[in-house]
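Working notes, beginning with the structure itself.
Chain letters run A, B, ... following the sequence lines, proteins first and then strands; every chain starts at 1.
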Amino acid sequence: GNSVTQMEGPVTLSEEAFLTINCTYTATGYPSLFWYVQYPGEGLQLLLKATKADDKGSNKGFEATYRKETTSFHLEKGSVQVSDSAVYFCALSEWGAQKLVFGQGTRLTINP
Amino acid sequence: KAGVTQTPRYLIKTRGQQVTLSCSPISGHRSVSWYQQTPGQGLQFLFEYFSETQRNKGNFPGRFSGRQFSNSRSEMNVSTLELGDSALYLCASSLEIAGGGEQYFGPGTRLTVT
């Protein structure tokens, strides 16, 4: 079946550091790919998405590129802030289904 | 435009009881999905409803059920609660887009089973 694998956490960085959270997927067909973020005590918020190969999703300084050849969708940000501290989930949406398959989540902590 | 709302936000139940959770989607969204979030299993898909019909179902026992009303509001029910049902239950709504559009999540209902 379809699956998503994220890098193990937690990840701790200093403010203004460069961030990469790795995400790879296994899927049949042509899934859409997403990054969601969850702040403490809240539901999930969509951070960015990409719907086809080579698409780049971006939002709030975060970026991720849909790489079909490596089945990856790594999340990057050039300079993180304390307010970016949260849990980040990579997910795919199976073609033709409104169903998300999530990775296990990566807890990110940014220290001032 | 109001977001996805879920009620109640917190719930404490005893083993063996049943519980009903409610979700109101974003206006105009006709697809509603439910997810269970636990520290051990992460985020798992429960089921999805569209136009009052269940279209997809995850790998959960029959104690977990749901329904959707004509105004797209949805409820999920868990009968004969077990300790392992303690979790954050998230509802998400989306527009119907072929290939899967983004889903918008509510704040969740935190269910504790004692």
Do Val101(A) and Tyr66(A) belong to the same hydrophobic cluster, where Ile, Leu, Val, Met, Phe, Trp and Tyr are linked whenever their side-chain heavy atoms lie under 4.5 Å apart, directly or via other members? yes
Are Leu90(B) and Tyr10(B) connected, step by step, through hydrophobic side chains (Ile, Leu, Val, Met, Phe, Trp, Tyr) whose heavy atoms are closer than 4.5 Å? no
Would you please go through residues 105-114 of chain B and name the residues with a non-hydrogen atom below 4.5 Å from one of chain A, in numerical order? Phe105(B), Gly106(B), Pro107(B)
Surrounding CZ of Arg9(B) (heavy atoms of other residues, nucleotides or ligands, distance under 6.0 Å), is the total greater than 12? yes
Which answer fits Gln45(A), side chain, backbone, both or neither, if we ask what part of it has an atom under 4.5 Å from a heavy atom of chain B? neither
Shared hydrophobic cluster for Leu88(B) and Leu100(A) (ILVMFWY, side-chain gaps under 4.5 Å): yes
Roughly how far, to the nearest 0.5 Å, is CD of Gln103(B) from NZ of Lys99(A)? 11.5 Å
From Leu47(A) atom CG to Glu102(B) atom CD, the distance as rounded to the nearest 0.5 Å: 12.0 Å
Report the residues that fulfil side chain to side chain donor-acceptor pair (under 3.5 Å) with Ser51(B), sequence neighbours left out, ordered by chain and then residue number. Arg30(B)
Common cluster, Phe62(A)/Leu46(A), ILVMFWY with side-chain heavy-atom separation under 4.5 Å: no
What part of Glu42(A) lies closer than 4.5 angstrom to a heavy atom of chain B: side chain, backbone, both or neither? backbone
Check whether Val4(B) and Leu11(B) end up in the same hydrophobic cluster, where Ile, Leu, Val, Met, Phe, Trp and Tyr are linked by side-chain heavy atoms less than 4.5 Å apart. no
Proximal to chain A - members of residues 33-47 of chain B, heavy-atom separation under 4.5 Å: Ser33(B), Tyr35(B), Gln37(B), Leu43(B), Phe45(B)
Can you pull out the residues in residues 67-76 of chain B with any heavy atom less than 4.5 Å from chain A? none
